[in-house]
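Structure record follows, encoded as structure tokens.
Order of the sequence lines sets the chain letters (A, B, ...), proteins ahead of strands, with each chain counted from 1.
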Number of protein chains: 2
Amino acid sequence: MFSIGTLSNQTGVKVPTIRYYEQTGLLDAPERTEGNQRRYGKAELERLGFIRHARDLGFSIEAIAALIRLQNHPDRSCKEATDIAIAQLGYVRAKIERLQKLETELVRITDGCSGLGVTEDCYVLASLGNHGLCEADHDRETR
Amino acid sequence: MFSIGTLSNQTGVKVPTIRYYEQTGLLDAPERTEGNQRRYGKAELERLGFIRHARDLGFSIEAIAALIRLQNHPDRSCKEATDIAIAQLGYVRAKIERLQKLETELVRITDGCSGLGVTEDCYVLASLGNHGLCEADHDRETR
DNA sequence: TCTTGAACCTCTAGTGACTAGAGGAATTAT
DNA sequence: ATAATTCCTCTAGTCACTAGAGGTTCAAGA
């Protein structure tokens with residue numbers, strides 16, 4: 001049994017974040033010492049590792065909660081877990097595509113400007129003010 | 001002179017968002033009617049178009065505020081505006097790179113799973129639980 | 001001119017996933 | 001025994017909005 005600080009060191013997840021995960025139900029409330037401090041074991045270490053890895057991959061807390069529910073029902077079809085991962089993949093791909101459009105336009109904007117003039121004639125500012133200068137549409141980056 | 005709703009229609013920026021921009025200082029407080037309703041002119045329309053375009057490109061409110069300050073001092077060097085845009089480009093590129101790593105791993109994870117079995121043997125869940133299965137490091141996606 | 005209904009106003013609170021800080025208690029090391 | 005560190009809870013802040021309550025003003029038609 002180890003403290004929240006040790007768990008934090010083992011997993012790289014910050015202490016307040018661990019408490020936040022407990023609060024939101026991603027982690028079960030652990031045992032406590034007589035003095036009310038949290039004490040964790042191997043099971044929590046593994047689950048937090050799972051959560052951390054999924055977060056690193058950009059899964060939402062909500063999606064991770066769903067994955068954990070699936071883990072707790074090992075008889076359920078694997079398809080549901082795969083579906084969540086595939087949805088995440090689609091989300092990541094869509095985001096990449098959007099960002100690549102933004103990259104293209106930012107390159108265009110920054111290339112057009114020597115950086116030597118004064119703001120009055122600045123191509124960056126002109127481009128931002130005049131969407132008509134864009135070559136293509138770019139969707140809003142929803143983060 | 002036109003209302004906030006008209007401005008919203010012209011720019012595609014939602015009414016509450018326009019008020020939010022005013023509150024945060026991105027937009028100046030406009031004239032009001034006797035009945036306290038906002039009335040806008042061409043200048044505000046243009047500035048909001050500028051803001052919208054910059055937001056679409058992923059610039060932060062803070063960065064946009066800086067760009068607007070530069071616009072208001074046309075004698076300042078264009079370099080500052082270009083620097084902001086270049087920083088944004090770097091940010092976008094870093095994000096793309098991270099997301100591509102995530103994409104690779106998500107493909108690996110989802111390809112490894114037939115979707116036919118039960119969760120107990122699910123490769124998706126196993127992969128998420130065991131970071132050691134990853135081929136490469138992937139940084140946390142900071143959004 | 002009056003009425004109706006749409007659009008407007010302010011204010012507060014909620015979103016996601018944390019992070020920061022206050023003020024105090026428990027644990028660990030010396 | 002004492003000092004340093006870690007832990008506890010609770011509240012509030014972050015970013016860029018979005019939603020809703022409860023009330024007021026405006027514009028168009030009768």
Side-chain angles (χ1 to χ4, degrees), chain A residues 1-27 29-40 44 48 50-68 88 91 95 98 102 139-143, chain B residues 1-27 29-40 44 48 50-68 88 91 95 98 102 139-143:
Chain A
M1 304 299 275
F2 40 84
S3 71
I4 196 169
T6 307
L7 182 63
S8 171
N9 286 337
Q10 298 282 317
T11 57
V13 178
K14 286 179 192 160
V15 169
T17 306
I18 296 173
R19 288 197 276 251
Y20 167 75
Y21 287 162
E22 180 183 329
Q23 194 186 298
T24 57
L26 263 196
L27 288 174
E31 290 178 43
R32 301 273 185 146
T33 63
E34 284 189 13
N36 199 36
Q37 298 197 357
R38 291 169 178 82
R39 284 298 175 269
Y40 297 94
E44 284 96 340
L48 188 54
F50 176 92
I51 292 169
R52 203 220 137 134
H53 192 191
R55 283 294 301 134
D56 283 350
L57 289 168
F59 286 83
S60 69
I61 295 282
E62 192 36 48
I64 296 171
L67 290 170
I68 287 174
Q88 179 62 20
Y91 172 74
K95 206 155 169 179
R98 269 202 315 276
L102 302 189
D139 309 320
R140 176 163 288 247
E141 201 220 346
T142 54
R143 344 177 220 179
Chain B
M1 303 299 277
F2 39 85
S3 70
I4 196 169
T6 306
L7 182 63
S8 171
N9 286 338
Q10 298 282 319
T11 56
V13 178
K14 287 179 190 158
V15 169
T17 305
I18 296 172
R19 288 197 276 250
Y20 168 75
Y21 286 161
E22 179 183 331
Q23 194 186 299
T24 57
L26 264 196
L27 289 174
E31 290 178 44
R32 300 274 185 147
T33 63
E34 282 190 17
N36 200 35
Q37 299 197 355
R38 291 168 178 82
R39 284 297 174 271
Y40 297 94
E44 284 97 340
L48 188 53
F50 177 91
I51 292 169
R52 206 222 137 132
H53 192 191
R55 283 294 301 133
D56 283 350
L57 289 168
F59 286 83
S60 69
I61 295 282
E62 192 35 48
I64 296 170
L67 290 170
I68 287 174
Q88 180 62 21
Y91 171 74
K95 206 155 168 179
R98 270 202 315 277
L102 302 189
D139 309 320
R140 174 164 291 247
E141 201 221 347
T142 53
R143 349 177 215 174

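- At the phosphate of dA7(C), neither OP1 nor OP2 sits under 4.0 Å from any side-chain N or O atom of R38(B).
- Note on S3(A): only backbone sugar-phosphate atoms sit closer than 4.0 angstrom, heavy atoms only; bases stay farther off.
- Taking the side chain as every heavy atom from C-beta outward, L57(B) and Q88(B) never approach each other to under 4.5 Å.
- Using a 4.0 Å cut-off, some side-chain N or O of R55(B) falls inside it from OP1 or OP2 of dC17(D).
- In this structure, the side chain of E44(A) does not engage the main chain of L27(A) through any donor-acceptor pair within 3.5 Å.
- At dC17(D), none of the side-chain N or O atoms of K14(B) fall inside 4.0 Å of OP1 or OP2 (strictly under the cut-off).
- Between Y20(A) atom OH and dT14(D) atom P the separation is 17 Å, expressed in whole Å.
- Regarding contacts with the backbone of dA16(D), every side-chain N or O of Y21(B) stays at 4.0 angstrom or more from both OP1 and OP2.
- For R52(A) and dC18(C), the shortest distance from a side-chain N or O to OP1 or OP2 is not below 4.0 Å.
- Here the side chain of N36(B) is nearest to one of dA16(D), dC9(C), dT9(D), namely dC9(C).
- Other residues, nucleotides and ligands place more than 12 heavy atoms under 6.0 Å from the CD atom of Q10(B).
- Atom P of nucleotide dA16(D) and atom CD1 of I61(B) are separated by 5 Å, given to the nearest angstrom.
- Summarising the geometry, the separation between CG on N9(B) and C1' on dC8(C) is reported as 14 Å, rounded to the nearest angstrom.
- Comparing dC9(C), dC8(D), dC18(C) against the side chain of Q37(A) picks out dC8(D) as the nearest.
- The side chain of T17(B) lies closest to dC17(D), out of dC17(D), dC9(C), dA26(C).
- As rounded to whole Å, 9 Å separates atom P of dC18(C) from atom CG of L26(A).
- If you take CD of E62(A) and P of dC18(C), they are 14 Å apart, rounded to a whole angstrom.
- The side chain to side chain contact (heavy atoms under 4.5 Å, CB included) test with I51(B) is passed by exactly one of V13(B), I61(B), I68(B): I68(B).
- Within 4.0 Å of R19(A), counting heavy atoms only, lies at least one base atom of the nucleic acid.
- Looking at E31(B), its side chain never comes within 3.5 Å of a backbone N or O of R38(B) through a donor-acceptor pair.
- A sub-4.0 Å separation between OP1 or OP2 of dC7(D) and a side-chain N or O of T33(A) is absent.
- Going from atom CD of E22(A) over to atom C1' of dC10(D) covers 15 Å, rounded to whole Å.
- Computed from coordinates, the F2(A) CZ to dT6(D) C1' distance equals 16 Å when rounded to whole Å.
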